[in-house]
Amino acid sequence: MVDAKDWDEVDTLQELRLAEIRLNSNPTEKMKRLSRQYGGYWRFPDIKDYAYLVNPFFPPEKLVQQFQTELPSLLTAYPSGMTVNSELAAEAFDLVPKRIVVGNGASELIQAALKLIPGKIGVIRPTFEEYPNRVAGTQIETMITQQMGFHYTGRDVIHYFSKHPVNCLVLINPDNPSGNYLQKKEVLAICKWAQKLNIRVIVDESFIDFVDAERHPSLLNEDLLKGFPNLIVIKSISKSYGVPGVRLGVLASGHEALVAQIKRVLPIWNINAFGQFFLQKVSSYQLAYNEGLVVFYKVRKRFFRALETIPYMTVLPSQANFFMVHLVGVTSQDLSSYLLESANILIKDLGTKPGIEGEYVRLAVKTDAENQTLIHALRAYDGNTTF
């Protein structure tokens with residue numbers, strides 16, 4: 001007799017791929033295959049995902065119910081075009097429509113922006129590789145931060161790129177995967193330095209809402225954008241608002257001609273009706289969103305303290321919704337494989353990430369209960385299990 005959970009009917013290539021993952025008896029190979037899916041883990045209901053990064057306290061149930069009510073209309077109706085969606089995003093972030101553009105996730109906007117920016121691109125590694133992946137390797141100038149303990153300041157950035165000139169500098173703030181945070185005054189100092197040298201600055205604020213080090217860290221501000229036309233701000237709505245399935249991101253800049261160019265290169269219907277509906281409704285839930293962030297800040301502190309008790313872990317401080325962890329006497333591959341095999345837990349193995357040498361993993365911050373599930377599994381690992 002075959003257990004129901006071990007039975008898969010395979011009629012298509014995708015069903016074959018899913019079956020190969022579900023029934024794979026080698027945890028290391030299974031983890032690699034899951035990672036290559038880049039999401040879609042709703043197809044694996046047993047997997048507990050601590051690899052991908054979303055807000056665990058949004059959206060609220062009422063907003064979810066509104067989506068459920070409108071589902072027939074959202075499935076069968078065309079979304080509006082670029083003009084309407086820019087107006088919705090402008091209202092949500094208190095900007096003017098000519099300075100903001102909506103993307104099918106931040107990734108679409110990253111690609112569109114970098115296509116229009118020639119010359120050398122400065123990146124700080126380790127980083128979100130979507131930026132360097134969008135340009136030729138010969139265009140990339142890399143600042144490596146491991147020798148600094150993955151912690152760097154605005155002065156460090158200016159010092160390095162003064163000696164290694166670039167045409168555009170990319171700042172992920174807070175950074176991914178380190179969680180390093182540059183205070184707003186530091187980022188503005190970089191913008192001023194860059195403006196004098198005619199350097200564009202892309203600031204990716206996908207995790208900025210998780211910052212509690214200062215009250216108003218974001219650069220999504222009309223006066224700032226107008227004052228620094230060399231500045232481009234990109235934000236993933238998917239990550240900060242916990243709705244990666246609707247695929248939303250925004251790009252804003254005081255350089256109105258560049259924003260107009262980006263709008264021209266994107267399809268008129270680049271986001272779907274679900275994304276547009278979210279933009280239309282999200283302003284009504286700002287209070288719930290802010291309340292959720294207050295809860296998140298407390299949960300992150302508790303999770304950090306718990307992770308510090310794991311004897312084989314050194315945890316980097318983070319202002320994002322994840323922690324980068326250095327493993328001592330344990331390999332990232334063995335730990336990742338063990339967690340998947342023993343508890344159906346998927347984490348991010350940073351072993352092959354450019355800019356990192358040694359054994360590191362990244363762990364997403366989730367709810368207290370989910371964090372405790374991960375802590376329990378981490379404490380159960382004795383470091384002797386290898387795959």
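Please read all numbers here as calculations on a predicted model, not as lab measurements. Counting from 1, the numbers follow the sequence of the chain as shown.
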Parallel, tilted or perpendicular: ring planes of Y131 versus F128, cut at 30 and 60 degrees: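 If you compare the ring of Y131 with that of F128, the planes turn out perpendicular.
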
Compute whether any side-chain donor of one residue and acceptor of the other, for [X] and [Y], lie under 3.5 angstrom apart.
X	Y	result
E186	Y152	no
D368	Q372	no
T153	D156	yes
Q66	Y285	yes
R300	S318	no
S107	E130	no

Check whether [X] reaches the backbone of [Y] with its side chain - one donor and one acceptor, N or O, closer than 3.5 Å.
X	Y	answer
K196	C191	no
T145	M148	no
S236	S206	no
E205	I234	no
R200	N167	no

Cationic tip of K353 above F150 ring, under 6.0 Å, 45° of axis: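 So K353 doesn't make the cation-pi contact.
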
Listed once per pair and sorted, the ring-ring contact (aromatic ring centres under 6.0 Å, His included) pairs that draw on residues 233-259, sequence neighbours left out: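 Non-adjacent pairs meeting ring-ring contact (aromatic ring centres under 6.0 Å, His included): F58-Y241, Y241-F278, Y241-Y289.
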
Same apolar cluster: I121 and I202, side chain cutoff 4.5 Å: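 Per the 4.5 Å side-chain linkage, I121 and I202 are co-clustered.
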
Heavy-atom closest contact (I271 atom, G103 atom, distance):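 The pair with the smallest heavy-atom distance is CG2-O, 3.6 Å.
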
NZ/NE/NH1/NH2 to OD/OE distance under 4.0 Å, E222 and R99: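 A salt bridge is present here (some side-chain N lies under 4.0 Å from a carboxylate O).
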
